[in-house]
Amino acid sequence: MTAVSLNRHKIILTRWDGTLYAFSAECPHASADFSKGWISRYKVTCPDHQYCWDVRNGRILWPDDENYRLKKYPVKVEDGIVKVKIE
Ligand code: FES
């Protein structure tokens, strides 16, 4: 898990099973910083309340009665350069 800043957006980059994923470093629950959290396989965990999300689709994994989603960004690698599309 790597945190980068792009146009005042803090983004988390991570790779799972050969695919690169990019999402906002700001937790959708209460704005904690994911860069202080941890990731295992495709599951990112927030450091504040330990909510977990699936980086592949942005869906919450725990607690399963909540509906927050990761803010994901399109990402690709071209000529060895990581490109993230932010609005
Ligand atoms: S701030 Fe991330 S789970 Fe609450």
Side-chain angles (χ1 to χ4, degrees):
M1 180 160 77
T2 301
V4 297
S5 291
L6 295 172
N7 296 348
R8 294 181 288 172
H9 296 266
K10 191 169 181 181
I11 309 286
I12 302 293
L13 295 171
T14 190
R15 186 183 301 273
W16 164 247
D17 202 21
T19 301
L20 192 59
Y21 299 95
F23 56 94
S24 173
E26 185 176 302
C27 177
H29 174 234
S31 302
D33 186 350
F34 276 126
S35 69
K36 295 180 172 69
W38 54 96
I39 194 159
S40 174
R41 300 164 48 102
Y42 53 82
K43 184 173 94 174
V44 63
T45 303
C46 178
D48 274 17
H49 307 109
Q50 288 73 52
Y51 286 19
C52 305
W53 284 265
D54 186 328
V55 301
R56 299 171 299 180
N57 55 28
R59 292 191 182 130
I60 196 163
L61 297 170
W62 185 89
D64 56 11
D65 60 340
E66 294 282 7
N67 201 24
Y68 301 100
R69 291 187 77 107
L70 287 182
K71 182 169 181 51
K72 294 187 64 189
Y73 299 100
V75 61
K76 62 183 176 183
V77 179
E78 274 184 8
D79 299 326
I81 298 172
V82 175
K83 295 184 175 182
V84 179
K85 184 174 184 176
I86 55 177
E87 308 83 35

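In each ligand, atom 1 is the first atom listed, and ligand 1 is the first ligand listed.
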ask   = Are side-chain heavy atoms of Ser35 and Ile12 found at a separation under 4.5 Å?
value = yes
request  = State, with a plain yes or no, whether a side-chain heavy atom of Tyr68 is found less than 4.5 Å away from one of Pro63.
outcome  = no
task = Might you point out which heavy atoms bring His29 and Trp53 nearest each other, and give the distance in Å?
result = CB-CH2, 4.5 Å
request  = Have a look around atom 2 (Fe) of ligand 1 and list protein N/O/S atoms under 2.8 Å, or say none.
outcome  = Cys27 SG, Cys46 SG
note = With sequence neighbours left out, the residues meeting salt bridge (Lys or Arg N to Asp or Glu O under 4.0 Å) with Asp48 are none
ask   = Of all residues at least two apart in sequence or in a different chain, which pass the ring pair (Phe, Tyr, Trp, His ring centres under 6.0 Å) check with His9?
value = none
By side-chain contact (heavy atoms from CB on, under 4.5 Å) - contacts of Arg56 (at least two apart) = Trp16, Tyr21, Tyr42, Asp54
